[in-house]
Amino acid sequence: MEFTAKQIAAFLQGEIVGNENATVHTFAKIEEGVPGAISFLSNPKYTPYIYDTQASIVLVNKDFVPEHEVKATLIRVDNAYDSLARLLTLYEQSKPRKTGIDPLAFIAPTAQVGKDVWMAPFAYVGEHAVVGDRTRIYPHATVDDGAHIGEDCTLYPGATVYHDCRIGNRCTLHAGSVVGADGFGFAPTPQGYEKIPQIGIAVLEDDVEIGANTCVDRATMGATIIHKGVKLDNLVQIAHNDEIGAHTVMAAQAGVAGSTKVGEWCMFGGQVGVAGHIQIGDHVIFGAQSGVPSSVKSGQRLIGSPPMEEKPFFKSSAIFRKLPDMYFELNALRKELNEIKKQLNKE
């Protein structure tokens, strides 16, 4: 499908600078732009590319002021990155959607399947499970007995929803993700570790996205809850009885130990580790590789292990690199001080 700059600007409520009849049919990064592609500029680091890009249309922020001639047609918008996301969503929604159930998919006789569902070969839906309207289930994805999947969801290959778990509407589970595996609960005994049955469930509310090979464990009792709008990257671990607040995002390899409550609109960088049985407030930001041993109040920006505010952390990091030299200097000062004491004692 082709779109003109005029059509795109009308959709985004943007301002055209250049040829309003310029057409595009694909997307490209600004440094890889080709004729017929639309790109965007939001990070100032990429500004030099706008003067050489071959893209036909480029989305820019309204405050962008070119220093040289720009060949591409520009569309000025309030937020170029957000506008690109809206266009990509529109593009994705315009693609034809598959419907129908492949003969090689397995659906238990007691399962309930909604309208316009697509199930690929080797998809599995267990006894008394529910699959909502327009949901797509790819090969080898599993909806176990008694699980509920909402409307407009996507389960990519190998995604697994364990028995009795609940998935809301418009959720996406990427390949290899697991919702509802047993929490890591074992009681030490003289003979070894005895498994504690995990009889709770895991619940994902609406508009949640779970990355590839990410795990959300079921609760020991009650429910592990991922509230609406949460986005979890690949290889994230959410332990039993956790509660993750609405619209919180976590980058790859973050992990939250059991029975921890995380607030709304938090941001976790990659490899952040959070201890169990604590509370994280709303709008908290943790830098990559932060180790969080205790509760944190709302609105803080922290990094490190244990985490501290950004400025003290970077100052401490600069001092840490100098510790070997400081150690030798300290030993030298001690020797000098001892020599001075010896001289004073002789006198």
Can you tell me how far apart [atom1] ([X]) and [atom2] ([Y]) are? Round to the nearest 0.5 Å.
{"X": "Asn61", "Y": "Asn43", "atom1": "CG", "atom2": "CG", "answer": "10.5 Å"}
{"X": "Glu209", "Y": "Thr172", "atom1": "CD", "atom2": "OG1", "answer": "4.5 Å"}
{"X": "Cys171", "Y": "Ile149", "atom1": "SG", "atom2": "CD1", "answer": "8.5 Å"}
{"X": "Asp164", "Y": "Asp145", "atom1": "CG", "atom2": "CG", "answer": "8.0 Å"}
{"X": "Ser290", "Y": "Gln271", "atom1": "OG", "atom2": "CD", "answer": "11.0 Å"}
{"X": "His277", "Y": "Thr260", "atom1": "NE2", "atom2": "OG1", "answer": "7.0 Å"}

Closest approach of [X] and [Y], non-hydrogen atoms and distance?
{"X": "Val236", "Y": "Ala252", "value": "CG2-CA, 4.4 Å"}
{"X": "Ile107", "Y": "Ala111", "value": "CG2-CB, 3.9 Å"}
{"X": "Tyr51", "Y": "Glu67", "value": "OH-N, 2.9 Å"}
{"X": "Gly36", "Y": "Ser56", "value": "N-OG, 2.7 Å"}
{"X": "Gly229", "Y": "Val208", "value": "N-CG2, 4.0 Å"}
{"X": "Ala257", "Y": "Ala275", "value": "CB-C, 3.7 Å"}

Measure the acute angle between the ring planes of [X] and [Y], then classify it against the limits of 30° and 60° as parallel, tilted or perpendicular.
{"X": "Tyr81", "Y": "Phe40", "value": "tilted"}
{"X": "His283", "Y": "Trp265", "value": "parallel"}
{"X": "Trp118", "Y": "Tyr138", "value": "perpendicular"}

Quick one: does [X]'s side chain get under 4.5 Å of [Y]'s, heavy atoms only?
{"X": "Asn338", "Y": "Lys335", "result": "no"}
{"X": "Gln112", "Y": "Val131", "result": "no"}
{"X": "Arg86", "Y": "Asp82", "result": "yes"}
{"X": "Val60", "Y": "Ile50", "result": "yes"}
{"X": "Val256", "Y": "Ile280", "result": "no"}
{"X": "Ile8", "Y": "Val24", "result": "yes"}
{"X": "Val58", "Y": "Val70", "result": "no"}
{"X": "Leu87", "Y": "Leu59", "result": "yes"}

Is the backbone of [Y] close enough, under 3.5 Å, to the side chain of [X] for a donor and an acceptor to pair up by distance?
{"X": "Thr142", "Y": "Tyr162", "result": "no"}
{"X": "Ser42", "Y": "Ala80", "result": "no"}
{"X": "Asn241", "Y": "Thr220", "result": "yes"}
{"X": "Gln198", "Y": "Ile196", "result": "yes"}
{"X": "Gln7", "Y": "Thr4", "result": "yes"}
{"X": "Ser316", "Y": "Pro312", "result": "yes"}
{"X": "Asp325", "Y": "Lys322", "result": "no"}
{"X": "Asn234", "Y": "Ala212", "result": "yes"}
{"X": "Thr73", "Y": "Gly18", "result": "no"}
{"X": "Asp282", "Y": "Glu264", "result": "yes"}

Self-check item: Audit row: Met250, Asp233, side chain to side chain contact (heavy atoms under 4.5 Å, CB included) steps and yes/no
Solution: CA-CA 6 Å; Met250 298 185 186; Asp233 197 2; 6.0 Å; no
Does [atom1] in [X] sit with more than 12 non-hydrogen atoms of other residues, nucleotides or ligands closer than 6.0 Å?
{"X": "Arg301", "atom1": "CZ", "value": "no"}
{"X": "Glu309", "atom1": "CD", "value": "no"}
{"X": "Phe313", "atom1": "CZ", "value": "yes"}
{"X": "Gln13", "atom1": "CD", "value": "no"}
{"X": "Lys195", "atom1": "NZ", "value": "yes"}
{"X": "Met308", "atom1": "CE", "value": "yes"}

Residues [X] and [Y] bridged, charged N to O under 4.0 Å:
{"X": "Arg134", "Y": "Glu151", "answer": "yes"}
{"X": "Arg97", "Y": "Asp116", "answer": "no"}
{"X": "Asp207", "Y": "Lys228", "answer": "no"}

Hydrophobic cluster identity match, [X] and [Y], side-chain contacts under 4.5 Å:
{"X": "Val249", "Y": "Ile285", "answer": "yes"}
{"X": "Ile38", "Y": "Leu84", "answer": "yes"}
{"X": "Phe106", "Y": "Val117", "answer": "no"}
{"X": "Leu41", "Y": "Phe27", "answer": "no"}
{"X": "Ile57", "Y": "Leu90", "answer": "yes"}

Quiz prompt | Those residues that, when tested against His227, pass side-chain hydrogen bond (donor to acceptor under 3.5 Å, both in side chains) (two or more places apart) | solution =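 By the side-chain hydrogen bond (donor to acceptor under 3.5 Å, both in side chains) rule, His227 matches Glu205, Glu243.
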Quiz item: Does Tyr193 sit in a hydrophobic cluster with other residues, and if so which ones, taking ILVMFWY side chains as linked at heavy-atom separations under 4.5 Å, directly or through other members?
Solution: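 Tyr193 clusters with Phe184, Phe186.
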Quiz item: Do you see a donor-acceptor pair shorter than 3.5 Å between the side chains of Glu127 and Thr110?
Solution: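 Yes.
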Quiz prompt | Pair Val143-Ile167, side chain to side chain contact (heavy atoms under 4.5 Å, CB included): steps then yes or no | solution = CA-CA 10 Å; Val143 180; Ile167 309 296; over 6 Å; no
Quiz item: Which of these passes side chain to side chain donor-acceptor pair (under 3.5 Å) with Arg136: Thr99, Thr154, Asp152?
Solution: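 Exactly one candidate clears the test, Thr154.
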Self-check item: Residue among Asn213, Asp217, Thr214 satisfying side chain to side chain donor-acceptor pair (under 3.5 Å) with Gln237
Solution: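 Answer after filtering Asn213, Asp217, Thr214: Asp217.
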Quiz item: Looking at Asp102, Leu104, Val125, which one forms a side-chain contact (heavy atoms from CB on, under 4.5 Å) with Met119?
Solution: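 Single pass found, and it is Val125.
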Practice problem: Mind running side chain to side chain contact (heavy atoms under 4.5 Å, CB included) on Leu204 and Leu173 for me, showing each step along the way? | Solution: CA-CA 10 Å; Leu204 273 57; Leu173 277 62; 4.1 Å; yes
